[in-house]
Amino acid sequence: MTDPVAKLPSELDQLPDRDPEETAEWAASLDAVTKAAGPHRAAYLMRRSLQHAEGAGIALPKLLESDYVNTIPTSAEPAFDGDLEMESKITAWNRWNAAAMVTRGARYGVGGHIATFASAAWLYETGFNHFFRGKEGDGSGDQLYIQGHASPGIYARAFLDGRLSEQQLDNFRQESGGDGLPSYPHPRRLPWLWEFPTVSMGLGPLSAIYQARFNRYLTNRKIKDTSNSHVWAFLGDGEMDEPESTAALALAAREQLDNLTFVINCNLQRLDGPVRANFRVVQELEGAFRGAGWNVVKTLWGNAWDELFQLDTTGALIRRLREVPDAQFQTYATRDVAYIREHFFGAEPALVELAKLLSDAKIAECFYSSRGGHEARKVYAAYRAALEHKGAPTVILAQTVKGYTLGKGFESKNANHQMKKLSIDEFKGMRELLGLPIPDSAFEDGLVPYGHPGADSPEVRYLQERRAALGGPAPARRVHAVALPQPEERAFKALYKGSGKQEMATTMAFVRLVKDLMRDKETGRRWVPIVPDEARTFGMESLFPSAGIYSPLGQTYEPVDRDQLMYYKEAKDGQILNEGITEAGAMADFIAAASSYATHGETMIPFYIFYSMFGWQRTGDQMWQLADQLGKGFIVGATAGRTTLTGEGLQHADGHSHLIASTNPASLNYDPAFAYEIAVIVKDGLRRMYGPDAEDVFYYLTVYNEPKQQPAMPEGVEEGIVKGLYRFKEGTPAEADAPRLQLLGSGTAIHWVLEAQELLAADWGVTADVWSATSWGELRRDALESDEALLRGEERVPYVTQALSGAPGPVLAVSDWMRAVPDSISQWVEQDWSSLGTDGFGLSDTRAGARRHFGVDAQSVTVAALAQLARRGEIPASKVKEAREKYGM
């Protein structure tokens with residue numbers, strides 16, 4: 001029979017015990033305490049011993065979970081540096097106006113969220129009054145990632161501060177008139193206020209980590225000293241379920257980002273109900289963050305709980321708090337005191353006796369409202385501890401009540417996230433609770449009024465004095481536009497010349513160009529190469545020794561390839577961000593670098609190169625975040641197309657990223673065929689994004705891993721390359737009346753089209769002109785703008801219509817993308833239109849096999865061209881059948 005208490009093997013069994021007798025004595029002492037005083041006392045002594053060992057510098061693994069109490073006891077709280085009464089008045093006005101704004105907006109059905117800010121008000125107000133640095137002081141100020149659903153509270157504070165008007169508050173979520181407020185933090189919609197878009201949940205915490213990391217990158221590379229900047233990310237406990245929310249916790253700890261603080265509002269509720277109905281989300285989050293190496297500060301209980309903890313001489317209260325699931329605790333906040341006495345304190349005799357010492361009023365205060373996140377002193381102590389902790393990032397787990405101060409109809413109700421308004425009577429009750437001087441007459445028109453103590457009131461003066469001392473208003477976005485000088489022409493000329501007889505993939509052409517641009521004396525140091533652990537795949541290993549891979553530790557080891565020319569070199573001032581296998585992390589890097597011109601007043605030129613399939617498909621939401629944050633830079637989808645990456649198969653075969661990219665208004669999408677086209681596009685991109693008239697756009701280029709001879713650039717094609725289409729090679733008619741058509745090809749498809757041009761002429765006497773379509777997306781954008789101009793009464797012909805005007809015969813467009821990509825411009829082409837593409841799933845095969853499978857190889861293009869001519873009656877239909885047989889179709 002197996003002994004149920006037999007000792008399980010552990011790692012300690014592998015370690016030598018030089019004094020087994022002493023070890024046995026320690027174990028016997030623990031057994032004796034357990035027998036005499038109980039297991040809870042034994043556990044307490046063990047934890048005290050661990051705490052003492054840590055203080056003595058003895059290296060021991062830390063416990064992942066502590067008791068369900070505040071990390072900082074009341075007796076250890078620092079002195080509060082402010083006027084608490086005045087800050088309470090300011091917070092009351094902001095609570096009122098946030099609720100009033102959303103309620104007034106409900107008249108128009110535009111929605112809004114009330115309960116989130118109501119729970120988090122002190123988390124923000126304490127930061128604004130004491131901690132968040134503005135941009136008018138030294139350095140760049142702090143970076144604030146505001147929880148999206150709390151935006152009404154931020155608008156309310158800006159209104160109190162005089163930065164927003166009543167009219168603007170009344171236009172919350174009504175932007176089309178030009179004087180409205182966006183629903184959430186959207187820099188593109190309100191660029192003077194918001195810096196970081198956060199409402200796509202999970203992306204805020206991920207971006208905050210990489211922003212803190214990029215701040216250190218700027219400092220270590222001596223671009224800008226960001227040591228006074230601190231990143232604050234305000235998050236919801238439900239939001240932490242998003243995988244992106246915790247994806248980079250280890251990175252933040254590994255790189256010791258003590259310039260970063262997460263503030264997680266633990267109101268125990270997500271959108272539909274409890275975050276962890278049968279569990280305890282605070283304890284779960286504590287374990288996750290401690291395990292990742294973060295400093296954890298729990299701010300759970302308000303001062304009203306101090307009396308309860310002092311009376312808990314047996315530890316029964318602590319044990320009970322540790323075992324009650326979140327959903328039950330939420331229920332306590334909505335039930336009467338008798339229910340709490342029975343169901344909470346009635347759990348064991350010691351708690352029954354403790355409850356006898358408590359008045360109903362005390363129990364009600366504790367369970368209905370007294371949470372650490374609702375008390376300025378508690379929050380202040382937590383923030384101060386976060387800033388003073390060195391060597392690791394800090395997470396503050398602040399417990400609150402969702403809907404706090406909004407009345408019993410809101411507080412802790414499962415549906416409060418969807419509740420968009422309060423009644424007049426509920427507002428009057430809120431007025432009494434907050435002590436606001438708003439008379440009943442203000443409600444006579446049936447609307448809840450906005451409240452303001454006056455521009456010269458003590459509250460407003462206090463608020464503005466606090467912000468002035470901290471470096472100006474926050475949040476705030478500032479852009480100090482400084483155009484970068486254009487790089488020397490030499491780097492681009494190398495690609496203009498072509499590769500001669502040497503074959504070169506366009507991926508390599510792009511890397512060579514950037515390597516040369518990184519040598520530019522004026523702008524070279526501002527390039528930020530970003531790659532998710534595939535640098536060698538894209539031929540970037542030549543950058544390793546010259547630019548270095550960024551690491552805050554430098555290189556503490558001797559690399560295995562140190563004796564090679566292109567060895568793996570890490571450096572504290574390294575320029576390359578090699579992120580490991582995380583497209584999401586690399587994209588977060590890109591966003592931080594792409595918006596540095598606003599965040600830090602330092603313009604950087606990021607280029608992020610990745611497996612084409614794993615960009616827009618996997619991290620498309622971050623591409624929208626980039627656009628919303630007005631980021632600039634070059635995103636490069638390498639090994640692009642459905643058929644160029646031989647052998648990798650379906651999951652690596654990208655035939656659709658250009659279709660997805662076309663949905664993003666800020667993305668300028670190019671599919672260059674030749675090296676010189678890349679040079680022209682990058683040169684124009686540097687002008688458009690970083691020149692005197694800089695635009696808030698970014699570039700998406702697809703490049704290919706298929707080596708080809710790169711031709712020299714023909715004369716006069718630059719405009720066509722940038723606009724999206726130019727004639728690359730005109731066909732030579734074999735006979736004056738030979739059938740003729742136009743072949744359009746993008747990216748690697750240009751080579752199939754050129755071969756088809758030869759087959760059509762040699763085998764069928766058909767003349768074809770070949771056009772390079774560098775950007776289906778830019779052709780469509782221009783055409784849409786032309787259509788909009790017509791609605792305004794302006795005569796404007798789309799560029800694609802102009803370029804193909806009068807070109808004889810039908811048009812056949814070919815690409816390594818889904819047909820929907822080239823078909824997006826078909827309505828503006830006057831000729832008969834048809835297309836070939838790679839619709840469907842990818843597959844593993846040779847390039848030739850894959851192209852025959854999808855019907856886009858040169859022979860397929862030839863047959864399709866003949867079929868198009870046959871439909872027009874320009875050649876006999878029998879020619880099409882003959883061609884199929886000839887080419888083995």
Side-chain angles (χ1 to χ4, degrees), residues 491-516 529 531 534-544 565-566 607 609-613 634 636-649 652-655 657 670-682 701-714 721 728-729 745-759 770 772-774 814-817 838 842-854 856-861:
F492 303 104
K493 286 182 177 179
L495 296 190
Y496 294 163
K497 297 176 181 178
S499 64
K501 294 182 179 180
Q502 179 185 2
E503 290 188 335
M504 178 171 60
T506 52
T507 297
M508 182 57 67
F510 179 84
V511 171
R512 286 187 182 181
L513 174 62
V514 172
K515 185 176 181 180
D516 288 342
V531 61
E534 288 282 2
R536 298 182 192 279
T537 301
F538 309 134
M540 291 175 60
E541 63 269 29
S542 61
L543 294 178
F544 288 170
L565 180 62
M566 292 183 285
F607 83 88
I609 188 167
F610 52 85
Y611 255 125
S612 183
M613 184 70 159
F634 296 95
V636 183
T639 60
R642 188 83 81 191
T643 69
T644 63
L645 190 58
T646 56
E648 294 285 358
H652 288 67
D654 176 19
S657 68
Y670 286 88
D671 187 32
F674 304 121
Y676 68 79
E677 293 178 352
I678 292 173
V680 171
I681 293 165
V682 170
L701 281 73
T702 42
V703 292
Y704 298 81
N705 68 324
E706 186 174 8
K708 292 287 184 180
Q709 288 185 7
Q710 300 296 328
M713 183 170 67
I721 292 172
F728 173 73
K729 186 176 182 181
S746 73
T748 196
I750 198 75
H751 303 289
W752 324 329
V753 170
L754 286 168
E755 187 178 346
Q757 181 189 43
E758 296 177 359
L759 292 174
V770 171
S772 179
T774 55
V814 186
S815 78
D816 209 10
W817 309 96
T838 55
L843 75 166
S844 297
D845 210 320
T846 63
R847 292 189 180 111
R851 286 162 187 168
R852 176 55 61 93
H853 169 81
F854 285 108
V856 293
D857 60 353
Q859 292 76 15
S860 299
V861 174

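Count residues from 1 along the sequence.
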Answer yes or no: is there a donor N or O on one side and an acceptor on the other, between the side chain of Asp816 and the main chain of Thr643, under 3.5 Å?
yes
Drop me the distance from Asp857's CG to Arg847's CZ, to the nearest 0.5 angstrom.
14.5 Å
Would you call Met713 and Tyr496 a side-chain contact if the rule is heavy atoms closer than 4.5 Å?
yes
In terms of relative ring orientation, are His652 and Tyr611 parallel, tilted or perpendicular, with 30° and 60° separating the classes?
perpendicular
Heavy-atom side-chain proximity of Glu648 to Met613 below 4.5 angstrom:
no
Does any N or O in the side chain of Gln710 come within less than 3.5 Å of the main-chain N or O of Ala675, such that one atom is a donor and the other an acceptor?
yes
Sub-4.5 Å side-chain heavy-atom contact between His751 and Phe674
yes
Hey, is Arg851 close enough to Glu706 for a salt bridge, meaning N to O under 4.0 Å?
yes
Given side chains that start at C-beta, do those of Phe538 and Val636 come closer than 4.5 Å, heavy atoms only?
no
Heavy-atom distance under 4.5 Å between the side chains of Tyr676 and Pro714, does that happen here?
yes
Contacts of Thr702 meeting side chain to side chain donor-acceptor pair (under 3.5 Å) (sequence neighbours excluded), chain-then-number -> His658, Asp671
Quick check: do Phe492 and Val680 have side-chain heavy atoms less than 4.5 Å from each other?
no
What I'd like to find out is whether the side chain of Pro672 reaches to under 4.5 Å of the side chain of Thr506, using heavy atoms alone.
no
Taken in chain and number order and not counting sequence neighbours, the residues that satisfy side chain to side chain donor-acceptor pair (under 3.5 Å) with Thr639 are none
Check side chain to side chain donor-acceptor pair (under 3.5 Å) between Glu541 and all other residues, then give those that pass, not counting sequence neighbours.
none
Value for CD1 (Ile721) from CD (Glu677), rounded to nearest 0.5 Å, stands at 5.0 Å
Side chain to side chain, Phe854 and Leu843, heavy atoms closer than 4.5 Å
yes
